Amino acid sequence: MNNRWILHAAFLLCFSTTALSINYKQLQLQERTNIRKCQELLEQLNGKINLTYRADFKIPMEMTEKMQKSYTAFAIQEMLQNVFLVFRNNFSSTGWNETIVVRLLDELHQQTVFLKTVLEEKQEERLTWEMSSTALHLKSYYWRVQRYLKLMKYNSYAWMVVRAEIFRNFLIIRRLTRNFQN
């Protein structure tokens with residue numbers, strides 16, 4: 001009788017693990033498509049560049065290295081959430097088309113929700129990720145970007161520097177999605 005329950009429990013465990021696994025190929029395709037859309041929208045946000053406003057926000061080196069698939073997904077989610085928060089700031093001094101910015105925010109929000117849904121089952125890994133030095137360095141990086149904008153009083157030149165930095169972020173995200181191939 002006990003063997004039957006053990007067999008039943010083992011079957012359920014195997015089934016639930018298989019059913020809850022992430023389809024990384026689908027995730028890779030979805031992220032590449034969405035990041036391309038975001039890059040196209042970002043390219044439409046024009047403005048004047050003033051080289052005296054340049055800044056090095058020091059993106060964490062870990063973001064350019066290979067990491068395990070689930071950590072990659074958490075890193076991308078963190079990056080997208082923070083880019084969303086950056087663009088929610090006061091961009092009125094830029095002269096940018098508000099419709100384009102709203103479309104960019106919508107695209108970022110959709111991607112974040114999609115990743116949150118996909119990663120819902122990975123709560124233990126999420127906790128490990130959130131306590132990792134990479135996650136902390138990434139949060140600090142986006143804090144520096146936000147602080148820069150605030151110190152520069154959200155002027156259009158500062159926004160162009162941040163726009164270029166966010167474009168680099170999208171390139172890094174595209175590179176990170178390659179981790180989903182294997």
Side-chain angles (χ1 to χ4, degrees), residues 27-28 30-67 71-116 118-119 126 129-130 132-180:
L27 184 59
Q28 179 186 26
Q30 176 91 19
E31 284 307 306
R32 280 192 174 176
T33 303
N34 290 339
I35 291 301
R36 196 172 305 117
K37 287 179 192 173
C38 287
Q39 285 176 313
E40 290 168 2
L41 289 168
L42 202 57
E43 286 174 344
Q44 294 176 37
L45 301 175
N46 304 353
K48 293 182 180 177
I49 297 172
N50 184 336
L51 296 179
T52 60
Y53 281 83
R54 283 185 301 188
D56 182 7
F57 301 108
K58 297 182 173 80
I59 190 144
M61 290 304 296
E62 302 97 324
M63 300 312 300
T64 60
E65 299 168 0
K66 190 164 176 86
M67 52 179 104
Y71 279 14
T72 299
F74 291 126
I76 291 170
Q77 182 185 22
E78 183 75 30
M79 292 175 80
L80 293 173
Q81 285 174 334
N82 280 285
V83 169
F84 178 86
L85 293 174
V86 166
F87 276 94
R88 279 191 44 210
N89 278 319
N90 182 3
F91 63 87
S92 59
S93 64
T94 62
W96 289 340
N97 183 333
E98 191 173 331
T99 306
I100 296 171
V101 176
V102 168
R103 286 177 46 208
L104 177 63
L105 286 170
D106 185 51
E107 191 65 43
L108 290 167
H109 177 72
Q110 286 177 27
Q111 284 178 264
T112 305
V113 169
F114 171 75
L115 277 170
K116 184 178 180 181
V118 167
L119 294 171
R126 176 181 298 282
W129 157 255
E130 288 175 352
S132 72
S133 62
T134 304
L136 297 175
H137 291 156
L138 198 54
K139 289 175 196 264
S140 179
Y141 163 76
Y142 284 105
W143 178 82
R144 289 189 297 274
V145 171
Q146 294 273 17
R147 186 170 149 247
Y148 170 79
L149 278 171
K150 188 174 183 178
L151 288 173
M152 297 296 159
K153 298 181 177 19
Y154 302 97
N155 74 47
S156 61
Y157 296 124
W159 269 109
M160 288 307 292
V161 169
V162 169
R163 176 194 168 271
E165 187 69 18
I166 298 304
F167 198 84
R168 274 194 262 348
N169 279 220
F170 290 150
L171 293 175
I172 290 170
I173 290 171
R174 288 184 74 171
R175 201 172 318 128
L176 286 172
T177 60
R178 292 185 195 136
N179 286 353
F180 299 144

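No experiment lies behind these values; they were computed from the predicted model shown. Basis for what follows: all heavy atoms, side chains included, without hydrogens, waters or symmetry-related copies.
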Enquirer: Can you tell me if Q44 and R103 form a side-chain donor-acceptor pair at under 3.5 Å?
Expert: no

Enquirer: What is the minimum heavy-atom distance between R178 and Q28, and which atoms define it?
Expert: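 Looks like CA-NE2, 4.0 Å.
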
Enquirer: Does E31 reach the side chain of Q111, with side-chain heavy atoms less than 4.5 Å apart?
Expert: yes

Enquirer: Under 3.5 Å, which donor-acceptor pairs do the side chains of residues 170-177 form with other protein atoms, sequence neighbours left out?
Expert:
| from | atom 1 | to | atom 2 | distance (Å) |
| --- | --- | --- | --- | --- |
| R174 | NH1 | Q39 | OE1 | 3.1 |
| T177 | OG1 | R174 | O | 2.6 |

Enquirer: Rounded to the nearest 0.5 Å, what separates atom CG in L80 from atom CG in L85?
Expert: 11.0 Å

Enquirer: Hey, does Y141 have a side-chain heavy atom less than 4.5 Å from the side chain of N169?
Expert: yes

Enquirer: Quick one: side chains of residues 143-152, donor-acceptor pairs under 3.5 Å with protein atoms, not counting sequence neighbours, listed by atom name and distance.
Expert:
| from | atom 1 | to | atom 2 | distance (Å) |
| --- | --- | --- | --- | --- |
| R144 | NE | F57 | O | 2.8 |
| R144 | NH1 | S140 | OG | 2.9 |
| R144 | NH2 | F57 | O | 2.9 |
| R144 | NH2 | K58 | O | 2.9 |
| Q146 | OE1 | N89 | ND2 | 2.3 |
| Y148 | OH | Y53 | O | 2.5 |

Enquirer: On a heavy-atom basis, which atom in L138 and which in A75 lie closest, and how many Å separate them?
Expert: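 The pair with the smallest heavy-atom distance is CD2-O, 3.9 Å.
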
Enquirer: What verdict does the side-chain contact (heavy atoms from CB on, under 4.5 Å) test give for T134 and F74, after you've listed the backbone C-alpha separation in whole Å, the side-chain angles of each residue and the deciding distance to 0.1 Å?
Expert: CA-CA 11 Å; T134 304; F74 291 126; over 6 Å; no

Enquirer: Could you pull out all residues at least two apart from E165 that satisfy salt bridge (charged side-chain N to carboxylate O under 4.0 Å, His left out)?
Expert: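 E165 satisfies salt bridge (charged side-chain N to carboxylate O under 4.0 Å, His left out) with R168 once adjacent residues are dropped.
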
Enquirer: Enumerate the residue pairs fulfilling salt bridge (Lys or Arg N to Asp or Glu O under 4.0 Å) with a member in residues 71-93, sequence neighbours excluded, ordered by first and then second residue.
Expert: E78-K139

Enquirer: Do any side-chain atoms of residues 95-102 form donor-acceptor pairs under 3.5 angstrom with protein atoms, and if so which ones, sequence neighbours left out?
Expert:
| from | atom 1 | to | atom 2 | distance (Å) |
| --- | --- | --- | --- | --- |
| W96 | NE1 | N46 | O | 2.8 |
| N97 | OD1 | T99 | N | 2.8 |
| N97 | OD1 | T99 | OG1 | 3.4 |

Enquirer: How about L45 and T94: do any of their side-chain heavy atoms sit closer than 4.5 Å?
Expert: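 Result no, sub-4.5 Å side-chain heavy-atom pair not found.
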
Enquirer: If you take all heavy atoms of S133 and E62, which pair is closest and at what distance?
Expert: OG-OE2, 4.1 Å

Enquirer: Hey, what do you get for CD (Q77) to CH2 (W129), rounding to the nearest 0.5 Å?
Expert: 10.0 Å

Enquirer: Just so I know, are the side chains of T33 and K37 near enough to count as touching, which here means a heavy-atom distance under 4.5 Å?
Expert: yes

Enquirer: With a 4.5 Å cut-off on side-chain heavy atoms, are R54 and L51 touching?
Expert: yes

Enquirer: Please round to the nearest 0.5 Å and tell me the distance separating atom NE2 of H109 and atom NZ of K116.
Expert: 9.5 Å

Enquirer: Side-chain contact test, heavy atoms from C-beta onward, threshold under 4.5 Å: evaluate it for C38 versus L108 and give yes or no.
Expert: yes

Enquirer: Can you find a heavy atom in the side chain of V86 that is under 4.5 Å from one in the side chain of W159?
Expert: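 A side-chain contact exists here, since the closest heavy-atom pair is under 4.5 Å.
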
Enquirer: Does the side chain of Y142 come within less than 4.5 Å of V83's, by heavy atoms?
Expert: yes

Enquirer: Please name all residues satisfying side-chain hydrogen bond (donor to acceptor under 3.5 Å, both in side chains) with R163, sequence neighbours left out, ordered by chain then number.
Expert: none

